[in-house]
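Right, one structure below, let's go through it.
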Amino acid sequence: MAEKKKGFGYTKLPYRYVTLYKDGAWDNGVLSEDENVVINESASVLQYAQTCFEGMKAYKTKEGKAVCFRPDLNAKRMEETCIRLKMPVIPEDKFIDAVKQVVKANIDYIPSYEEGGSLYIRPFMIGTSPVIPILPATEYQFRIYCSPVGYYFGGGVNALKLQVSDYDRAAPHGTGNIKAGLNYAMSLYVTMQAHENGFDENVYLDPATRTFIEETGGANLIFVSKDGKLIVPKSDSILPSITRRSLVAIAKDYFGIEVEERQVRLEELADFAECGMCGTAAVLSPVKMISDHGKEYNFTIEEDGYGKILGQLRKTLTGIQVGDIEAPKGWVVDID
Ligand SMILES: *Cc1c(COP(=O)(O)O)cnc(C)c1O
């Protein structure tokens with residue numbers, strides 16, 4: 001059980017949730033023991049990448065209760081993604097009910113509070129009916145599977161090194177702000193390039209002018225300025241991370257930290273003291289260095305492996321997620 005708790009891999013668990021869309025309506029949905037998806041060879045997901053996903057986590061509290069973090073925001077973001085990809089929307093109550101069902105069915109696989117991992121929850125939707133013209137499918141599957149996970153980056157707290165990419169993540173007025181599968185296929189080449197160059201990930205710049213910081217391939221970037229403000233890059237082509245939005249609220253409401261959400265120029269990195277990557281998978285991973293073609297921007301890391309302010313924000317966020325610290329209303333949802 002939970003043998004993958006230190007890493008971030010797929011483990012087949014007993015149950016996944018499946019609901020089918022046909023003739024303009026979703027069916028009731030079932031829990032299935034079959035991890036395989038059998039679809040037509042000309043399904044829109046296979047030909048034109050008509051697919052999108054979400055990512056969230058369930059945790060065990062100290063008392064052993066199963067909870068998940070802000071699933072309403074994942075439901076809302078998936079709705080926006082589906083609208084943009086001409087896919088049918090999963091109503092928020094159906095989405096949250098499905099999350100609860102599938103987590104409950106696999107409840108023995110949520111790592112314990114003491115182990116410190118979580119159950120990663122992956123909702124996704126695919127177009128299943130055959131297409132040849134470039135048009136949306138008429139039939140869809142929405143599924144949610146789960147997998148026990150630990151750290152996303154290399155099994156522990158490791159301050160990361162990033163490189164500024166020569167490639168773009170998203171086109172101007174494109175799909176960077178939605179969780180569409182197509183946004184990740186094109187990043188694989190660039191990610192492997194970063195690894196070959198000795199970096200953990202890429203920093204993408206704004207696709208129109210390549211002067212402003214956007215984000216990494218799967219996590220938003222946040223910074224702390226030398227005078228202690230939280231600086232959050234703003235752009236229409238950044239994926240609106242729920243972790244990032246939560247950290248901004250924590251910085252303001254729990255610590256009284258001033259937050260600036262605005263465009264951030266690449267050269268401004270020289271004025272920043274701390275940098276972190278945030279997302280469900282990355283949580284808030286410390287970044288020690290960003291290299292722009294050999295020009296290095298360095299950030300402070302304390303003895304515990306984190307920056308001073310971002311370390312505090314991370315501790316508060318994870319404390320809220322496992323129920324140790326009182327959460328703002330609605331953030332932590334009981335599974336049963
Ligand atoms: C999913 C994702 C994030 C993180 O979003 P969370 O809601 O915090 O998990 C950030 N950037 C990209 C590109 C993503 O796909």
Side-chain angles (χ1 to χ4, degrees), residues 8 49 51-59 68-82 84-85 92 95-96 99 118-125 144 146-147 149 151-153 160 162 165 167-171 174-191 194 200-207 213-223 230 232-251 261 264 275-285 287 310 313-314 316-318 320-321 330-333:
F8 208 95
T51 175
C52 64
F53 65 100
E54 272 300 326
M56 55 208 293
K57 283 175 173 172
Y59 309 85
C68 69
F69 187 68
R70 309 190 80 178
D72 55 319
L73 295 189
N74 294 94
K76 289 193 180 88
R77 189 169 63 191
M78 191 160 204
E79 175 172 347
E80 279 160 27
T81 302
C82 287
R84 178 69 174 81
L85 296 178
E92 183 175 323
F95 182 100
I96 292 174
V99 168
S118 57
L119 187 72
Y120 185 71
I121 304 166
R122 168 54 63 90
F124 68 104
M125 196 189 295
I144 307 178
C146 320
S147 188
V149 295
Y151 287 102
Y152 190 70
F153 291 103
L160 305 172
L162 314 179
S165 173
Y167 293 86
D168 295 325
R169 191 186 86 85
T175 54
N177 60 339
I178 59 166
K179 241 172 150 67
L182 55 89
N183 288 340
Y184 305 87
M186 85 306 140
S187 74
L188 300 175
Y189 178 83
V190 198
T191 299
D200 298 285
E201 249 284 11
N202 289 283
V203 173
Y204 294 99
L205 301 178
D206 79 285
I213 299 281
E214 292 258 312
E215 61 169 319
T216 69
N220 285 182
L221 286 165
I222 56 174
F223 302 92
L230 187 67
V232 181
K234 192 173 168 177
S235 150
D236 289 343
S237 41
I238 291 178
L239 195 282
S241 157
I242 294 163
T243 313
R244 183 251 294 164
R245 286 181 268 164
S246 304
L247 287 164
V248 165
I250 290 167
E261 298 194 60
V264 174
C275 174
M277 284 173 63
C278 57
T280 297
V283 189
L284 179 50
S285 296
V287 174
L310 294 184
L313 295 182
R314 181 193 160 101
T316 306
L317 173 70
T318 54
I320 287 171
Q321 286 169 332
W331 279 23
V332 175
V333 174

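The structure presented is a predicted model; accordingly, all values stated were derived computationally and were not measured. Start at 1 and go down the list; that is how both ligands and their atoms are numbered.
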Legend entry - Under 3.5 Å donor-acceptor, R122 side chain and E54 backbone: yes
Legend entry - ligand 1-proximal atoms of K179, by part, heavy-atom distance under 4.0 Å: side chain
Legend entry - Short N or O distance, I242 and ligand 1, threshold 3.5 Å exclusive: yes
Inset, instruction - Closest by any non-hydrogen atom to atom 10 (C) of ligand 1: pick that one out of S246, A281, A219. - result: A219
Inset, instruction - Report yes or no: does a heavy atom of R77 sit under 4.0 Å from some atom of ligand 1? - result: yes
Legend entry - Proximal atoms of ligand 1 relative to N220 (non-hydrogen, under 4.0 Å): 10 (C), 11 (N)
Inset, instruction - Around atom 3 (C) of ligand 1, find the nearest protein heavy atom and jot down its residue, atom name and distance. - result: G218 O, 3.5 Å
Legend entry - Donor-acceptor contact below 3.5 Å, side chain R245 vs main chain P240: yes
Legend entry - Atoms in ligand 1 with a heavy atom of R169 nearer than 4.0 Å: 13 (C)
Inset, instruction - Determine whether the aromatic ring centres of F69 and Y59 lie less than 6.0 Å apart. - result: no
Inset, instruction - Work out whether the distance between some heavy atom of G217 and some atom of ligand 1 is less than 4.0 Å. - result: yes
Legend entry - Which residue and heavy atom of the protein sit nearest atom 12 (C) of ligand 1, plus the separation: E215 OE1, 3.4 Å
Legend entry - Main-chain N/O of K179 paired to T81 side chain as donor or acceptor, under 3.5 Å: yes
Inset, instruction - Look at atom 15 (O) of ligand 1 and say which protein heavy atom is nearest, naming residue and atom and giving the distance to 0.1 Å. - result: Y184 OH, 2.4 Å
Legend entry - Of N183, V203, T175, the residue whose pairing with R169 passes side chain to side chain contact (heavy atoms under 4.5 Å, CB included): N183
Legend entry - Beyond-backbone contact of V149 with S118, side-chain heavy atoms, under 4.5 angstrom: yes
Inset, instruction - Look only at the side chain of N74 and the backbone of G55, and say whether a donor-acceptor pair between them is shorter than 3.5 Å. - result: yes
Inset, instruction - Keeping the roles fixed (side chain from K57, backbone from T280), state whether a donor-acceptor pair exists under 3.5 Å. - result: yes
Inset, instruction - Around atom 9 (O) of ligand 1, find the nearest protein heavy atom and jot down its residue, atom name and distance. - result: T280 OG1, 2.6 Å
